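One structure is given here, and the rest of the page talks about it.
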Amino acid sequence: MAAPCRRMASRSFSQLLYCFSRATVRSGGCRRFSITPVDRATPQASTAADRATSPWSLMAAVCLQRLPVITADCSPIEQRFKQMLQQMDLEKSLLSDHELRLMEDAERMSRKQADDYDSDEEERHGDQEIMLTQDLVDTWEQRLKSFQPAPRVRADVDKDLTSVQRCLADSLVLLAKQQVGAEKLWLLPQAAWQEGETLRQTAERALDSVTAAGFKATFLGNAPCGVYKYKLPKAARTESSVGTKVFFFKAVLADGAPGNAPNTPLLWVKKSELEKYLKPAYMMKVDRFILSL
């Protein structure tokens, strides 16, 4: 009994299926098993057919963000923490080369003013070297007085919602006024999907369509970061058109505003200002993937 079992165990799975199919055909006339691979092209064909017959129209939108250009103002607790770190660094750090030279110069000047001063000991240093450090300090102080930093807050520019240079310490999001049905709404730039292109290509085309020259933007991946679905009014619904699905893609502004004038009205708003322009249902979906950097 053990010998036939060992012979059966040494055979491959395909040989066992072949033997089993011959035995079943001889005994009961059953249909033979097929070990051919399943056709993998069938799901793709069915997916394409489902897409063609889907009652949902597809759109792609781009969430273009301009990242902060300057650092934000410190909060009170951040300011206290910064002062504490500076004090710790001052107490524990070693003296720099410049500070050591200042101490050497002060020591030489004190020896020079002493009654038992011997000028022969200071000949190797020279007066020019003794005063060099202090001359550097005076030069740096003069440069500091003439330096005028750029203003962090520009009231006239910050109030201009169409300027990409507003609110340099905050992250801004691009909104475009687009036609949706019979009304115009402020939305993220979007465009209808066309046969033969990917959703990211549709999002890139949507960004190019809102300006004459186009923004230089860096897209963050090929997969959408969110989706918004809405149905058409009941009077406008048909069997082939029920509603629209909008897929969002994230992008970061890589350069300034385009040279030519935009084709549609544009706004650069902060995340806290989005509620003034977006509808609540749309805002709820967008708020999930927009970060306040």
Side-chain angles (χ1 to χ4, degrees), residues 43-67 164 171-211 214-234 236-255 258 262-271 273-293:
Q44 297 179 358
S46 62
T47 303
D50 294 342
R51 183 183 301 170
T53 58
S54 175
W56 295 91
S57 59
L58 302 181
M59 300 189 74
V62 54
C63 175
L64 181 63
Q65 284 188 276
R66 192 223 64 189
L67 299 181
V164 72
S171 178
L172 302 180
V173 181
L174 177 64
L175 296 181
K177 181 170 285 189
Q178 296 184 318
Q179 189 76 29
V180 179
E183 57 182 343
K184 288 188 176 182
L185 302 175
W186 287 108
L187 303 169
L188 300 179
Q190 64 182 23
W193 174 80
Q194 295 179 357
E195 188 71 30
E197 66 179 4
T198 63
L199 285 174
R200 169 169 169 170
Q201 292 173 344
T202 305
E204 293 174 350
R205 179 167 52 83
L207 186 59
D208 294 336
S209 64
V210 297
T211 57
F215 286 102
K216 293 182 180 180
T218 302
F219 277 76
L220 306 181
N222 297 321
C225 59
V227 61
Y228 171 67
K229 180 175 67 173
Y230 65 92
K231 291 184 178 181
L232 298 175
K234 293 184 178 180
R237 294 181 196 173
T238 60
E239 293 183 357
S240 60
S241 179
V242 174
T244 303
K245 294 181 180 180
V246 183
F247 294 89
F248 300 103
F249 289 80
K250 295 193 71 173
V252 176
L253 186 66
D255 201 351
N263 295 333
T264 57
L266 301 178
L267 292 181
W268 289 96
V269 297
K270 297 184 290 186
K271 184 178 180 180
E273 299 171 339
L274 287 174
E275 297 180 354
K276 302 178 183 178
Y277 302 95
L278 303 181
K279 290 193 173 183
Y282 191 86
M283 176 63 192
M284 184 178 62
K285 299 295 183 180
V286 171
D287 184 67
R288 296 178 179 178
F289 56 81
I290 295 182
L291 302 178
S292 298
L293 300 177

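For reference, positions follow the sequence shown, starting with 1. In this text, all values refer to a predicted model and were calculated from it rather than measured experimentally.
In this structure, the side chains of Lys216 and Leu253 stay at 4.5 Å or more apart for every pair of heavy atoms. At least one side-chain heavy atom of Phe289 sits less than 4.5 Å from a side-chain heavy atom of Val286. Using a 4.5 Å heavy-atom threshold, the side chains of Val173 and Leu188 count as touching. Side-chain contact between Leu174 and Pro189: present, with at least one pair of heavy atoms (C-beta onward) separated by less than 4.5 Å. Within the 4.5 Å cutoff, no side-chain heavy atoms of Leu278 are placed close to those of Asp287. Annotation: side chain of Val252 is in contact with side chain of Leu67 (closest heavy-atom distance under 4.5 Å). Counting heavy atoms from C-beta outward, Gln201 and Trp193 have side chains that stay 4.5 Å or more apart.
Here Gln194 pairs with Glu197, Arg205 under the side chain to side chain contact (heavy atoms under 4.5 Å, CB included) rule; sequence neighbours left out. Considering only residues two or more places apart in sequence or on other chains, Tyr228 meets the ring-ring contact (aromatic ring centres under 6.0 Å, His included) condition with Tyr230, Tyr282. Under the salt bridge (charged side-chain N to carboxylate O under 4.0 Å, His left out) criterion, Glu275 pairs with no residue, sequence neighbours left out. Shown here are the salt bridge (charged side-chain N to carboxylate O under 4.0 Å, His left out) partners of Lys279, two or more places apart in sequence or in another chain: Glu183. Ser241 pairs by the side chain to side chain contact (heavy atoms under 4.5 Å, CB included) definition with Leu232, Thr238, not counting sequence neighbours. A search for side chain to side chain donor-acceptor pair (under 3.5 Å) contacts involving Thr218 returns nothing, not counting sequence neighbours. The side chain to side chain donor-acceptor pair (under 3.5 Å) test applied to Gln178 returns no partner, not counting sequence neighbours. Scanning for side chain to side chain contact (heavy atoms under 4.5 Å, CB included) contacts around Asn222 gives Arg200, with sequence neighbours left out. Legend: residues meeting salt bridge (charged side-chain N to carboxylate O under 4.0 Å, His left out) with Lys250, ordered by chain and number and at least two apart, are absent. Partners of Ala251 under the side chain to side chain contact (heavy atoms under 4.5 Å, CB included) rule, at least two apart in sequence or in another chain, are Val62, Leu64, Ala217, Phe219.
The backbone N or O of Ile290 sits less than 3.5 Å from a side-chain atom of Lys271, completing a donor-acceptor pair.
Expressed to the nearest 0.5 Å, how far OG1 of Thr198 lies from CD of Glu204 amounts to 7.0 Å. The distance from the NZ atom of Lys177 to the CG atom of Leu187 is 10.5 Å, given to the nearest 0.5 Å. Separating the NZ atom in Lys276 from the CE atom in Met283 is a distance of 12.0 Å, to the nearest 0.5 Å.
A pairwise comparison of heavy atoms in Phe249 and Gly221 identifies CD2-O, 4.4 Å as the closest pair. Of all heavy-atom pairs spanning Val246 and Gln190, the tightest one is CG1-OE1, 3.7 Å. Of all non-hydrogen atoms in Ala176 and Leu266, the two that sit nearest each other are CB-CD2, 3.7 Å. What you find for Ala203 and Ala60 is that their closest heavy atoms are N-CB, 3.7 Å. Between Leu267 and Trp186, the shortest heavy-atom distance links the atoms CG-CH2, 3.5 Å.
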